[in-house]
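Worksheet: one structure, shown below.
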2 protein chains.
Amino acid sequence: MTERELRLKTAEIEKISHIDYFNIAISVDCVIFGYDDKELKVLLIKSDLEEFAGLFSLLGDLIRPDEDLETASYRILKERTGLDDVYLEQVQAFGSIKRHPSGRVITIAYYSLIDIKHHKMQLSHNELNWHPVNELKKLAFDHKLILDTCLLRLQQRVLETPIVFNLLPEKFSLRELQELYEAILGIGLDRRNFRKKISIKDWLIDIGEIENDVPHRPGKLYKLKPELKIKPARRKLQPGKS
Amino acid sequence: MTERELRLKTAEIEKISHIDYFNIAISVDCVIFGYDDKELKVLLIKSDLEEFAGLFSLLGDLIRPDEDLETASYRILKERTGLDDVYLEQVQAFGSIKRHPSGRVITIAYYSLIDIKHHKMQLSHNELNWHPVNELKKLAFDHKLILDTCLLRLQQRVLETPIVFNLLPEKFSLRELQELYEAILGIGLDRRNFRKKISIKDWLIDIGEIENDVPHRPGKLYKLKPELKIKPARRKLQPGKS
DNA sequence: TCAAAAGTGTTTTGTGTACACCCATGC
DNA sequence: GCATGGGTGTACACAAAACACTTTTGA
């Protein structure tokens, strides 16, 4: 659909036929967050559109008429990361008229949290790569806006609900956890206060093991209490305060 | 589109043609909140679908190919309430396959806040009426879920940003304001603590007038500081904590 | 003079923040 | 033995919650 055709429809607004209402495509875009090397990262692919030559874009696809919004998101995640059981949350829809150069495409944005170490599969196929969130300036489409909006949502959620653990391996030390929070929130945290706050939340189990391969005193390892692992199917409305 | 056609497409999933992707309609649904008689209310219309005979539904419409999501929402609000300059916020999209009996319709939910007294125009045309939010049990489509989700979002926002004033007339007393908060949050509040908290936020101006027509000692009247009135066009990302 | 709500402060409790020392380990 | 992070507690400031009496007005 060209810009010209779009304008034509605008002029004909009074006699819109029912079929015209279907001249809008719907996509899902996934902000796939990962955590590695003490940085929050996002999975991006090089845009194949001429208009955005050289820019990266989020992973997305048109929604098929026979799949739910979440189904479409899980499909994309599965295709791009090989992972199945991931945290996924819808953020909102983006639907500016001119957001997509090839026509009217409304997109529904999701973010998901995955353990970057579990991935490492189809990576770097067609320029699919992890990018530090902080270093991104310009993305294709309105994807920078979508990313920023999702990051903001993540920052809000992370203080209330135990979702960050989706970004970590099964076992982790308190230092790793704190560094993750610092990466997500973009601020430094006091170690003693952080540990106090986490211990009050009662999210973790001391598994009786310690780090190895660290060039200093190893820390204890913890894991998330199993009952707090968020099964994607279970989530309904927003969870309340922890 | 019948259920049978849907299943057919599912079977043909491998050879989906581009045009199939457009076989999805997109609508906007508005949860229009008002406040009257010490109750939070929502504007509903009697559903004209046989499947939902006797049930009420939110106000919505299909999105036109040439209008933004917000433009569509404002159009609905204008059509149904006659009001222009209202608070409007997108919540999220709802897209279950079977949410609409006549085909695949993905809807994007907005809530808006209006002064119920300013309205009173096209009301009760075709069974368009205000309903107390607390007394609603079943709505057409998935509109109860949408309403609940929007209410939850409103409850979260109301503590952080000065949006409740969109539900009140220009001048109001602190008692009215407190009763409004109580209606939205569904809890009782301590008067002294409430007044302290509001005064700290520094949102109000004492306009030097007092209530009249009250059968008791009249309270002072206040108005929201003009610079805090949220112009719909200005809002971008989520506002931070107050 | 009575009913109804306005208006107003203090105390207690909990939460967030700032901050420093000794300990265990790897090198 | 030294560098590195692990592990821990206390003091202060601020915010939230509980709580009661006097004042003003209309009826």
Side-chain angles (χ1 to χ4, degrees), chain A residues 35 37-39 155-156 158-162 164 168-169 171-223 240-242, chain B residues 35 37-39 155-156 158-162 164 168-169 171-223 240-242:
Chain A
Y35 175 66
D37 198 23
K38 306 193 182 180
E39 281 184 312
Q155 289 172 337
Q156 292 165 349
V158 121
L159 302 165
E160 301 167 357
T161 65
V164 278
L168 289 175
K171 307 172 182 181
F172 52 85
S173 68
L174 290 177
R175 176 179 39 80
E176 291 172 305
L177 183 61
Q178 180 177 344
E179 285 167 352
L180 171 55
Y181 269 92
E182 291 174 334
I184 291 173
L185 298 174
I187 55 174
L189 298 171
D190 178 88
R191 186 153 45 104
R192 280 171 292 187
N193 293 336
F194 176 77
R195 285 165 186 242
K196 195 192 310 170
K197 209 182 273 185
I198 289 293
S199 101
I200 285 169
K201 290 200 190 289
D202 199 29
W203 286 343
L204 303 183
I205 299 174
D206 180 342
I207 57 174
E209 298 177 40
I210 57 171
E211 291 178 294
N212 50 7
D213 302 334
V214 286
H216 53 74
R217 173 176 175 182
K220 290 184 187 177
L221 292 179
Y222 297 82
K223 66 175 185 184
K241 304 234 163 182
S242 71
Chain B
Y35 175 66
D37 197 21
K38 305 193 184 181
E39 281 184 312
Q155 290 172 337
Q156 292 165 349
V158 123
L159 302 165
E160 302 167 357
T161 64
V164 279
L168 290 174
K171 307 172 181 181
F172 50 87
S173 68
L174 290 178
R175 175 180 40 80
E176 290 172 306
L177 183 60
Q178 179 176 345
E179 285 167 350
L180 170 55
Y181 269 94
E182 290 174 334
I184 292 173
L185 298 174
I187 56 175
L189 298 171
D190 178 87
R191 185 155 43 103
R192 279 170 293 185
N193 292 336
F194 176 78
R195 284 165 186 242
K196 194 189 310 168
K197 210 181 274 187
I198 290 292
S199 101
I200 286 169
K201 290 199 191 290
D202 199 28
W203 287 343
L204 304 183
I205 298 174
D206 180 343
I207 57 172
E209 298 178 38
I210 58 171
E211 292 177 292
N212 50 7
D213 302 335
V214 287
H216 53 74
R217 173 176 175 182
K220 290 184 186 176
L221 292 179
Y222 297 83
K223 67 176 184 182
K241 303 235 163 182
S242 74

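Predicted model only: the values in this text are computed from it and were never measured. Sequence lines set the chain letters: A, B, ... in the order given, protein chains first and strands last, and positions in each chain run from 1.
- Contact check for A/V214 versus A/R175: side-chain heavy atoms found under the 4.5 Å cut-off.
- Straight-line distance from the NZ atom of A/K220 to the C1' atom of D/dG7: 8 Å, rounded to whole Å.
- Distance, B/L189 CG to D/dA16 P: 13 Å, rounded to whole Å.
- Between D/dG6 and A/R175, a contact under 4.0 Å exists linking OP1 or OP2 to a side-chain N or O.
- Within 3.5 Å, no donor on the side chain of A/R217 pairs with an acceptor on the base of D/dT4, nor the reverse.
- Residue order along DNA chain D, read from the 5' end via each residue's closest nucleotide, puts A/P218 first among A/P218 and B/H216.
- Across the protein-nucleic acid pair, B/I187 atom CD1 and D/dA17 atom P stand 9 Å apart, rounded to whole Å.
- If B/K196 and A/G219 are placed on DNA chain D by their nearest nucleotide, the residue sitting closer to the 5' end is A/G219.
- The line from CD1 of A/I198 to CG of A/N193 is 12.0 Å long, rounded to the nearest 0.5 Å.
- The footprint of chain B on DNA chain C, defined by a heavy-atom cutoff below 4.0 Å, extends from C/dA4 to C/dT10.
- Under the 3.5 Å distance criterion, the side-chain polar atoms of B/E176 are matched with a main-chain donor or acceptor of B/S173.
- Formation of a donor-acceptor pair under 3.5 Å by the A/Y181 side chain with backbone atoms of A/V158 is found in this model.
- At distances below 3.5 Å, not a single donor-acceptor pair connects side-chain atoms of A/E39 with backbone N or O atoms of A/A183.
- Rounded to an integer number of Å, the gap from CD of A/Q178 to C1' of D/dG5 is 11 Å.
- When the side-chain nitrogen and oxygen atoms of A/R191 are compared with OP1 and OP2 of D/dG7, none of them lie within a distance under 4.0 Å.
- Taking CD of A/E211 as the reference point, atom CG of A/L174 lies at 9.5 Å (rounded to 0.5 Å).
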